[in-house]
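What follows is a set of notes on a single structure, which appears directly below.
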Amino acid sequence: MCGFSVGILWPGTFSKASAALKRGGTVMFALLALAGDLGCSGGPTLVGFVSSAFENNLRIGIFVGILFPVVLLLGLIFAGKKREKKLG
């Protein structure tokens, strides 16, 4: 799931953003890149902190890491339903 999120959905986010915001320009891509950098550094850090908090139990830390793609998919579903309401 994480590989799919990063490999397919993240570049798709850049594509969708540039199609939706024609005048987004460099600032939009800089903010998207910043968000990606924060996610790539914050995710593993959070997994490490959670693992340490539960007596170095890496299973619990990895479980927290699995929540990232789940939240991403829920966000996509929510955004799709919201868009359908606007169009419908």
Side-chain angles (χ1 to χ4, degrees):
M1 279 305 261
C2 288
F4 180 74
S5 298
V6 173
I8 302 295
L9 297 178
W10 185 240
T13 301
F14 276 71
S15 177
K16 288 292 213 181
S18 65
L21 303 170
K22 297 290 184 195
R23 302 191 72 205
T26 306
V27 173
M28 177 185 66
F29 288 106
L31 290 173
L32 287 170
L34 177 63
D37 291 345
L38 290 174
C40 288
S41 62
T45 303
L46 180 65
V47 168
F49 282 147
V50 170
S51 294
S52 293
F54 287 91
E55 299 176 358
N56 294 327
N57 188 344
L58 191 56
R59 287 182 184 204
I60 294 174
I62 295 297
F63 175 75
V64 170
I66 291 171
L67 295 178
F68 283 97
V70 170
V71 169
L72 176 70
L73 289 174
L74 290 175
L76 287 171
I77 291 168
F78 177 73
K81 288 182 180 183
K82 188 174 180 182
R83 186 172 182 201
E84 287 176 8
K85 285 183 182 179
K86 277 187 177 180
L87 297 174

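Atom set for the values below is all heavy atoms of this structure, side chains included, hydrogens, waters and symmetry mates excluded.
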- Item | Audit row: Asn57, Ser51, side chain to side chain contact (heavy atoms under 4.5 Å, CB included) steps and yes/no | CA-CA 5 Å; Asn57 188 344; Ser51 294; 6.0 Å; no
- Task: Check the pair Phe68 / Leu72 against side chain to side chain contact (heavy atoms under 4.5 Å, CB included), numbers first and verdict last.
- Result: CA-CA 6 Å; Phe68 283 97; Leu72 176 70; over 6 Å; no
- Message: With clusters defined by side-chain heavy atoms of hydrophobic residues (ILVMFWY) lying less than 4.5 Å apart, directly or transitively, does Phe54 cluster with Leu46?
- Response: yes
- For the student: nearest non-hydrogen atoms of Ser18 and Ser15, plus distance: OG-O, 2.9 Å
- Would you kindly confirm whether Leu67 and Ile60 end up in one hydrophobic cluster when ILVMFWY residues are joined by side chain heavy atoms under 4.5 Å apart? no
- Item | Distance-minimising heavy-atom pair for Cys40 and Pro44 | O-CD, 3.2 Å
- Shared ILVMFWY cluster between Ile66 and Leu58, side chains joined below 4.5 angstrom? yes
- Query: Is Phe49 reachable from Val64 through a run of I, L, V, M, F, W or Y residues, each pair having side-chain heavy atoms under 4.5 Å apart?
  - Reply: no
- Message: Counting only heavy atoms from other residues, nucleotides and ligands, does the tally under 6.0 Å from CZ of Phe29 exceed 12?
- Response: yes
- Message: Is there a path of hydrophobic side-chain contacts, each under 4.5 Å between heavy atoms of I/L/V/M/F/W/Y residues, joining Leu32 to Leu21?
- Response: yes
